[in-house]
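The structure presented is a predicted model; accordingly, all values stated were derived computationally and were not measured. Just so it is clear: chains get the letters A, B, ... in the order the sequence lines come, proteins before strands, and each one is counted from 1.
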Amino acid sequence: MSTTKERSAENKVVEFDVRTDEMLVNMGPQHPSTHGVLRLVLRTDGEVVSEVTPHLGYLHRCAEKIGENLTPRQWIPYTDRMDYLAGMSMNLGWSLCVEKLMNLHVPEKARHLRVIIAEMQRIASHLVGMGAYGLDLGSFSPFLYAFREREKILDLFEEACGARLTYSYLTVGGATADLPPGWLQKCEAFLDQFLPVIDEYHALLTTNSIFIKRCAGIGVMSAEMATNYGCSGPVLRGSGVDLDLRRDGEEWYTNMYDGYAFEVIVEKDGHYPNDHVYPGVPPEAVLGDCWHRFYVRMLEVRQAIDLVRQAIDRYSSATDSYGEPVKLNEKLPKGEAYLETEAPRGQMGFYVVSDGSAIPYRARARSSCFCNLSVTSELCRNTLIADIPAIIGSLDIVMGEIDR
Amino acid sequence: MGQQDLVSRLQEAFGDSIGAVQLESIDPWIEISADGLPDVCRYLRDQPDLKFDYLSCISGVDYFEPDPKKAAKLDGSPRTEVVYHLWSVSHKTSLVLKVILPRWKDDQEGVLPEVPSVADIWRTADWHEREVYDLSGVHFRGHPDLRRILCPEDWQGHPLRKDYEMPLEYHGIRCR
């Protein structure tokens with residue numbers, strides 16, 4: 001196994017003869033591998049990067065300031081535009097937070113509808129993460145394969161709410177509309193078709209020896225470091241920390257998954273839950289490296305299929321309504337509430353402070369990618385330039401959520 | 001451990017650093033004095049039975065009503081609150097700490113209020129404190145690199161303060 005350190009040491013030996021100067025390289029904000037408008041300033045010595053400074057804010061749209069001027073339901077479209085690859089999960093996070101403040105319990109049917117939608121969104125989001133990661137590492141085909149399937153999920157979402165990217169579908173009290181007739185059958189047909197396709201992804205990337213060489217042993221993050229930096233989602237679990245808010249979170253959120261059978265995707269004794277179906281961990285991979293973060297995402301796609309199937313059963317047998325009606329200008333009770341949910345990219349937190357009027361006094365979004373990105377300076381120190389896209393890509397960031 | 005036990009334990013260990021306690025609200029919170037914050041935080045992180053090793057979020061909330069006619073509606077006196085949401089990965093418990101500051105340091109208008117930085121306790125705080133500084137205008141004493149993070153570096157003012165006024169123009173770009 002060749003670790004980063006050994007490789008950089010090798011490089012230094014090579015560069016001993018050819019004298020090099022330190023150079024500042026600007027990567028981004030228009031670089032395709034920075035996943036949006038992220039700018040990294042790299043201090044390089046030949047091929048070795050000694051320091052990385054991320055600069056953010058290119059996509060800052062003052063979402064929190066806008067939130068202080070709109071009612072919670074009016075702010076839902078703005079949450080869509082935070083993590084624009086998982087708009088449904090953002091809608092859900094904010095809705096749950098406001099419901100916690102209002103002490104509003106959604107009907108049984110709405111609860112299961114939310115699970116269906118949130119988990120379908122997780123699949124769509126991880127497909128982009130997977131496809132774009134292949135693209136970062138120079139393999140184009142997985143991207144097309146991933147988008148082929150994602151397109152079908154977007155078609156389903158379009159049928160449910162009319163939008164393909166910024167949905168505003170889940171809202172305070174439940175959802176804006178019920179699922180249309182025949183939707184569940186289409187969703188089930190998609191899941192049946194999708195399940196065998198996952199093997200293709202594993203054949204294209206997970207077991208691809210070039211892919212393994214590019215990301216196994218690269219960007220290794222210890223569990224302590226991941227916790228200390230506030231990483232979450234697949235980035236945290238890829239380091240072996242057993243934390244998934246769907247199981248461990250606050251009751252307001254875990255209520256939604258009450259009675260669902262699922263196992264948190266985290267490595268235990270060299271194995272992942274249910275990984276016998278898929279290629280196992282290659283000997284080159286180290287816990288906490290880019291490969292593990294990628295693999296956790298891939299297994300979560302499989303897990304999401306099971307969750308959607310369970311939710312479809314429950315949703316079909318529920319008899320109540322898809323949502324509790326909430327007025328657009330409904331007065332919020334005085335107080336404050338903070339709630340974190342497990343979005344595809346990690347723990348998305350919302351904090352709402354109310355002074356008793358219909359408009360929140362303060363609306364705050366805690367972004368998961370913001371914390372996940374903050375480790376880059378430390379992860380990228382003393383790596384090769386070519387490894388930087390591999391590390392940034394494995395964090396699977398969305399700038400819309402970081403800059404808000 | 002119940003919230004009440006935790007509060008009495010903190011009060012015993014830190015005395016005056018622990019201020020008002022609100023256990024009835026949706027998310028129970030404990031007020032900590034600005035100067036006592038790092039010690040309390042380190043204690044909360046390092047005690048094996050507490051182990052709040054995960055800092056979820058730092059938010060700045062500005063309580064102020066610029067319109068004197070509506071000022072009476074404000075809940076309490078004008079102040080800036082810095083809210084810390086903590087989480088324990090091993091015990092799956094959460095805790096909310098608040099530091100309540102005057103809106104301006106020593107009531108001198110234009111001088112930002114100060115809180116000691118906790119970036120050396122949780123690395124999450126590094127960027128979060130930069131964000132709170134940028135948007136809510138709180139100075140974090142001892143922060144390794146307190147620069148603006150979301151707004152441009154030459155931006156004037158702190159947009160989430162309630163008395164903030166949008167500039168007329170920025171580098172020749174009309175703002176309002």
Side-chain angles (χ1 to χ4, degrees), chain A residues 53-62 64-65 68 100-101 103 223-232 236 241-243 245 247-250 252 333-340 347 349-353 355-357 361-367 370-371 373-375 377-378 402-404, chain B residues 22 24-27 29 45 51 53-65 73-76 81 83-85 87-94 96 98 119-128 130-132 134-136 145 147-153 155 159-162 164 166:
Chain A
T53 320
H55 290 266
L56 351 161
Y58 292 94
L59 211 56
H60 181 47
R61 290 146 301 172
C62 324
E64 292 177 8
K65 185 82 180 170
E68 291 177 5
K100 181 180 172 184
L101 178 72
N103 196 21
E224 291 74 34
M225 183 177 158
T227 332
N228 201 239
Y229 269 96
C231 293
S232 50
L236 185 69
V241 180
D242 191 1
L243 177 68
L245 290 186
R247 184 197 64 192
D248 308 322
E250 268 182 64
W252 269 100
K334 206 177 247 187
E336 51 187 72
Y338 179 79
L339 189 70
E340 280 191 357
Q347 300 171 11
F350 284 98
Y351 178 49
V352 55
V353 181
D355 59 354
S357 66
Y361 195 70
R362 176 86 163 89
R364 166 99 167 99
R366 179 262 192 211
S367 153
F370 187 78
C371 297
L373 182 68
S374 66
V375 295
S377 333
E378 200 159 325
I402 294 170
D403 292 342
R404 281 155 286 149
Chain B
Q22 183 65 260
E24 284 80 44
S25 52
I26 302 171
D27 292 318
W29 53 266
R45 186 196 65 176
K51 225 168 174 335
D53 49 0
Y54 193 97
L55 175 65
S56 297
C57 185
I58 304 182
S59 339
V61 190
D62 188 31
Y63 290 88
F64 180 66
E65 180 50 68
K73 272 178 77 182
L74 186 74
D75 196 20
E81 285 182 2
V83 189
Y84 298 79
H85 289 96
W87 171 258
S88 162
V89 175
S90 36
H91 302 302
K92 326 276 185 221
T93 45
S94 62
V96 186
K98 273 189 182 188
D120 56 337
I121 302 172
W122 301 285
R123 298 290 298 148
T124 332
D126 187 340
W127 279 22
H128 274 268
R130 278 176 69 186
E131 191 186 335
V132 174
D134 187 0
L135 300 180
S136 303
D145 181 26
R147 283 181 292 130
R148 286 185 182 271
I149 190 164
L150 294 180
C151 295
E153 273 171 32
W155 194 260
L160 288 181
R161 289 179 82 91
K162 294 282 176 185
Y164 174 75
M166 192 75 177

Below 4.0 angstrom, N of the basic side chain to O of the carboxylate: do [X] and [Y] qualify?
{"X": "B:Asp62", "Y": "A:Arg362", "value": "no"}
{"X": "A:Arg364", "Y": "B:Glu131", "value": "yes"}
{"X": "A:Glu224", "Y": "B:Arg123", "value": "no"}

Task: Donor-acceptor contact present, side-chain B:Tyr54 to main-chain A:Thr227, <3.5 Å - done: no
Task: Check: B:Ile121 main-chain N/O paired with A:Asn228 side-chain donor or acceptor under 3.5 Å - done: yes
TODO: Can you tell which part of A:Leu373 gets under 4.5 Å to a heavy atom of chain B, answering side chain, backbone, both or neither?
DONE: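 Both backbone and side chain.
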TODO: Report the C-alpha distance between A:Glu250 and B:Ser94 in whole Å, list the side-chain angles of each, state the deciding distance to 0.1 Å, and finish with yes or no for side-chain hydrogen bond (donor to acceptor under 3.5 Å, both in side chains).
DONE: CA-CA 9 Å; A:Glu250 268 182 64; B:Ser94 62; 4.7 Å; no
Task: Rounded distance (nearest 0.5 Å) linking atom NE2 of A:His60 with atom SG of B:Cys151 - done: 4.5 Å
- [ ] Find the distance between CG (B:Leu150) and CG (A:Leu59) and round it off to the nearest 0.5 Å.
- [x]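 Between B:Leu150 CG and A:Leu59 CG, I get 10.5 Å after rounding to 0.5 Å.
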Open item on the list: Checking A:Tyr229 against B:Trp122 for the side chain to side chain contact (heavy atoms under 4.5 Å, CB included) test, could you report, in this order, the C-alpha distance in whole Å, the side-chain angles of both residues, the deciding distance, and whether it holds?
Closed with: CA-CA 7 Å; A:Tyr229 269 96; B:Trp122 301 285; over 6 Å; no
Open item on the list: Do A:Lys65 and B:Tyr164 form a cation-pi contact, if we require the NZ or CZ to be under 6.0 Å from the six-membered ring centre and within 45 degrees of the ring's axis?
Closed with: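 No, cation not above the ring by the 6.0 Å, 45° rule.
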- [ ] Pick one of side chain, backbone, both or neither for B:Val96, based on which atoms fall under 4.5 Å of a heavy atom in chain A.
- [x]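 No part of it gets close to chain A.
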